[in-house]
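We use all heavy atoms of the structure for the numbers below, so side chains are in, but hydrogens, waters and symmetry mates are not.
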Amino acid sequence: MLSEATAIGFYAAPMFPAQRYPRLQILTIKGLLNKTEYPRYPDLAAGGLNFKKAALAITDNAQPALF
């Protein structure tokens with residue numbers, strides 16, 4: 001089962017191409033609860049992959065003429 005998981009390959013995040021993460025990770029419930037195993041994934045908060053930044057709106061603060 002582990003050989004099939006490694007045969008699937010690895011994932012390289014666009015912001016961190018030097019770091020590779022297994023595409024399929026086999027973890028046990030016991031290992032997760034004992035904190036001896038943990039999933040490997042890229043830190044999305046570090047690279048700005050979460051959200052696109054909105055463009056700044058340019059507003060004119062002057063009030064238009066009423067009459």
Side-chain angles (χ1 to χ4, degrees):
M1 182 169 29
L2 294 176
S3 62
E4 288 90 358
T6 55
I8 292 176
F10 294 91
Y11 170 75
M15 298 296 280
F16 309 107
Q19 298 176 350
R20 295 174 30 170
Y21 304 95
R23 288 190 184 267
L24 180 63
Q25 300 176 30
I26 299 174
L27 307 171
T28 63
I29 302 277
K30 181 179 179 182
L32 291 171
L33 292 176
N34 291 337
K35 297 185 181 181
T36 57
E37 296 178 356
Y38 55 93
R40 295 184 54 217
Y41 54 89
D43 184 15
L44 299 177
L49 296 174
N50 298 19
F51 302 102
K52 292 182 180 178
K53 295 195 180 233
L56 294 175
I58 300 173
T59 59
D60 185 18
N61 292 336
Q63 182 175 359
L66 296 176
F67 297 104

**OP:** List in chain and number order the residues that pass side-chain contact (heavy atoms from CB on, under 4.5 Å) with A5, two or more places apart in sequence or in another chain; answer none if no residue qualifies.
**Re:** L24, I26
**OP:** Count the heavy atoms of every other residue, nucleotide or ligand shown that sit under 6.0 Å from CD1 of I8, and state whether that count exceeds 12.
**Re:** yes
Original post:
Where do Y11 and P42 come nearest, in terms of heavy atoms and distance?
Top reply: CE2-CG, 4.2 Å
Subject >> Qualifying side chain to side chain donor-acceptor pair (under 3.5 Å) pairs, either residue in residues 24-33, two or more places apart >> reply: T28-E37
Original post:
Can you list the other members of the hydrophobic cluster that holds L27, where links are side-chain heavy atoms under 4.5 angstrom apart?
Top reply: L32
Original post:
So, does R40 use its side chain to make a donor-acceptor pair with the main chain of R20 at under 3.5 Å?
Top reply: yes
